[in-house]
Amino acid sequence: MWVNTIGVIGLAYYSVFCGSDSAFPWLTAMVSLPWAAWGVSKTGYTMKSIKENTMGGIIYDSAIDGKGNNNDVAG
């Protein structure tokens with residue numbers, strides 16, 4: 001994420017340095033869209049983790065009670 005951000009800012013600087021006087025809508029898209037996608041995935045993963053690791057969740061009860069799936073070969 002940071003490499004992308006710094007690279008895009010460097011590319012914008014280089015464009016201005018070489019004399020480009022056009023608008024830079026690509027600058028906002030190339031920086032903001034990856035950060036927005038990261039925020040969405042981070043939120044989704046955090047919510048998944050909260051649901052799995054609380055009382056009444058998937059992992060916590062099966063680990064504490066020992067009543068998990070005992071139909072496997074080891075169990």
Side-chain angles (χ1 to χ4, degrees):
M1 297 297 302
W2 283 105
V3 172
N4 179 45
T5 302
I6 299 300
V8 169
I9 291 172
L11 183 60
Y13 175 78
Y14 182 71
S15 296
V16 171
F17 181 75
C18 289
S20 174
D21 59 351
S22 61
F24 294 110
W26 54 269
L27 178 69
T28 56
M30 289 180 66
V31 173
S32 63
L33 294 176
W35 280 102
W38 177 81
V40 169
S41 66
K42 176 72 173 158
T43 302
Y45 183 75
T46 302
M47 295 307 293
K48 177 184 176 285
S49 179
I50 289 171
K51 289 178 183 178
E52 288 181 347
N53 297 314
T54 57
M55 187 158 235
I58 299 168
I59 294 175
Y60 182 83
D61 283 345
S62 63
I64 298 298
D65 294 340
K67 296 179 184 177
N69 186 4
N70 293 329
N71 294 332
D72 61 352
V73 176

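Since the model is a prediction, treat every value here as computed from it, not as a measurement. In what follows, residues are counted from 1 in the order of the sequence shown.
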Side chains of residues 27-37: which donor-acceptor partners sit under 3.5 Å, not counting sequence neighbours?
{"residue": "T28", "atom": "OG1", "partner": "P25", "partner atom": "O", "Å": "2.9"}
{"residue": "S32", "atom": "OG", "partner": "T28", "partner atom": "O", "Å": "2.4"}
{"residue": "W35", "atom": "NE1", "partner": "T5", "partner atom": "OG1", "Å": "2.8"}

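Within the structure, side chain to side chain donor-acceptor pair (under 3.5 Å) contacts touching residues 6-15 (residues at least two apart or in different chains) do not occur.
There is no path of hydrophobic side-chain contacts, each under 4.5 Å, that joins Y45 to W38. At a threshold of 4.5 Å between side-chain heavy atoms, the hydrophobic network of Ile, Leu, Val, Met, Phe, Trp and Tyr places V16 and L11 in one connected group.
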